[in-house]
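Each remark here refers to the structure printed beneath this line.
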Amino acid sequence: MNAYESACHYFANAASVMDLSPNMKKLLLTPEREVKVQVAMKMDNGEIATFVGYRIQHNSARGPMKGGLRFHHDVDADEVLALASLMTWKTAVVDIPYGGAKGGISVSPKSLSDAELELMTRKFVDELQDVIGPDKDIPAPDMGTNAQVMAWIVNQYEKYHGFNPACVTGKPLELHGADGREEATGRGVGLLTEAMLQKFDRPLTDTTIAIQGFGNVGSFAAAYLHDHGARVVAISDISGARFDSAGINIPAALQHVSRNGSLDGFDAEQQISNEELLTLDVDVLIPAALGGVLTKENAADVRARYVVEAANGPVLPDADTILHQRDIVVLPDILANAGGVTVSYFEWVQNQQYFRWDLERTRAELAKTLIVSFEKMWAIATEKHIPLRSAGYLMGIGRVGRATVLAGI
Ligand code: GLU
């Protein structure tokens, strides 16, 4: 099953609970626009390189389309479409006035020099500038992109359209970014993990956690959970996983990564593999890296009682069924990692109003938005006896469907 088939599977599950008509299903699954472009450029050594870039605009029923740009060698049309549709449901679940989109370039950004990365980004914007914009489609960071890439995007976009900070979010603070955007996805994962555990009368101080992935999302989630008393016993990145039964020293790990760029050389009680991390005997497992890490092959071995999807699509449908049968609670990506796009919305609002919020306000509004959405998702799941994921899709599809019908086809 590829990424798009997985996304359709989750959609279809919810659509059957909702009794959605086949015509409405087709309308909500079909993307509004798919853009595939050639990004050709001269590399530092004078040779010509050609990359393929995508922007898929899935749905705009609730507002301008919104979603990240991913620079990763696995990027292809299927994955981008799956992630674009996920953004449609995600923005609807947290009830921010956006539709969903996603884009990316099939490239390993680490193989490029800074100058090549900048040139590739600017050339990509040249190709996309007429289909994106503050009221059309607003890109943001995702895997392999960051605030610096967003800075190049806004600068290149403004060459065509004049001053336009709201055309992209996740920008550096110096270029109209929002304080709190960088931490937002990981912080949201932390806040929601805490809220979910409260439903089971389990305080964070009595909880062990394993986090797969120590990039932007995993590291801020680890920091939040550690600061609020949880014992984060395992973390990982491409250099492998670290385990410490007494709890990893998260501030030391964060410092190590900021100095060295990865966990390579970071000392802990035990060095384990990324695969072993997924099946550790912990309370909460947080996959915060790539999609598709929990599969039908390893889902039966998961020993955590709760899985929080900090990454997009980390649990494949077969694995989801196995986890559900084993009474393992899954907090789905459409809410678990929605903190990022929520603070992207706050950034866009500030840009449109030429007014800056302080960090305290951003954090308070983020918590309010996520907790209200979580309570609603929880109530639907409890009332209908369905998993949280289906409840989330019900909320998302319901809101998008109603907007579509009210506006008229
Ligand atoms: N790339 C992030 C996501 O998958 C953030 C998107 C945004 O801020 O627009 O949710």
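Each ligand, and each atom within it, is numbered from 1 in the order the structure gives. Nothing fancy with the numbering, it's 1 onward along the sequence.
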Is Met143 near ligand 1, meaning one of its heavy atoms is under 4.0 Å from it?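 In this structure, Met143 fails to qualify as a contact of ligand 1 - no heavy atom is under 4.0 Å.
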Of all the heavy atoms in Pro141, does at least one lie under 4.0 Å from an atom in ligand 1?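 Under 4.0 Å: yes for Pro141.
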Quick test of your reading of the structure: of Lys90, Glu347, Arg181, whose heavy atom lies closest to atom 10 (O) of ligand 1?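 Selected option, by shortest heavy-atom distance: Lys90.
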Look at atom 4 (O) of ligand 1 and find which of Lys66, Lys102, Met65 reaches it with the closest heavy atom.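 Comparing heavy atoms across Lys66, Lys102, Met65, the nearest one to atom 4 (O) of ligand 1 lies in Lys102.
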Gly67: numbered ligand 1 atoms lying under 4.0 Å from its heavy atoms: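 Result: 9 (O).
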Near Asn312, which atoms of ligand 1 are under 4.0 Å from a heavy atom of that residue?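 Those atoms are 4 (O).
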Shortest non-hydrogen contact between Asp283 and Asp206, atoms and distance: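 That closest heavy-atom pairing would be OD2-O, 3.8 Å.
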Over 12 foreign heavy atoms within 6.0 Å of NZ, Lys136: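 Enclosed: over 12 neighbouring heavy atoms sit under 6.0 Å from NZ of Lys136.
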Could you check whether atom NZ of Lys25 has more than 12 heavy atoms from other residues, nucleotides or ligands sitting under 6.0 Å from it?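 Result for NZ/Lys25: enclosed.
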Of the protein's non-hydrogen atoms, which lies at the shortest distance from [atom], and what is that distance?
atom	value
atom 1 (N) of ligand 1	Asp142 OD1, 2.7 Å
atom 8 (O) of ligand 1	Ser344 OG, 2.6 Å
atom 7 (C) of ligand 1	Ala140 CB, 3.3 Å

Answer with side chain, backbone, both or neither: which part of Thr185 has a heavy atom less than 4.0 angstrom from an atom of ligand 1?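 None of Thr185 does.
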Region of Pro139 that comes within reach of ligand 1 [heavy atoms, distance under 4.0 Å]: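 None of Pro139 does.
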Ion pair check, [X] and [Y], cut-off under 4.0 Å:
X	Y	result
Glu375	Lys199	yes
Asp320	Arg389	yes
Asp137	Arg33	no

Less than 3.5 Å apart, any donor N or O on the side chain of Arg122 or Asn155 sitting next to an acceptor on the other?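 On atom types as modelled, these side chains qualify, holding a pair under 3.5 Å.
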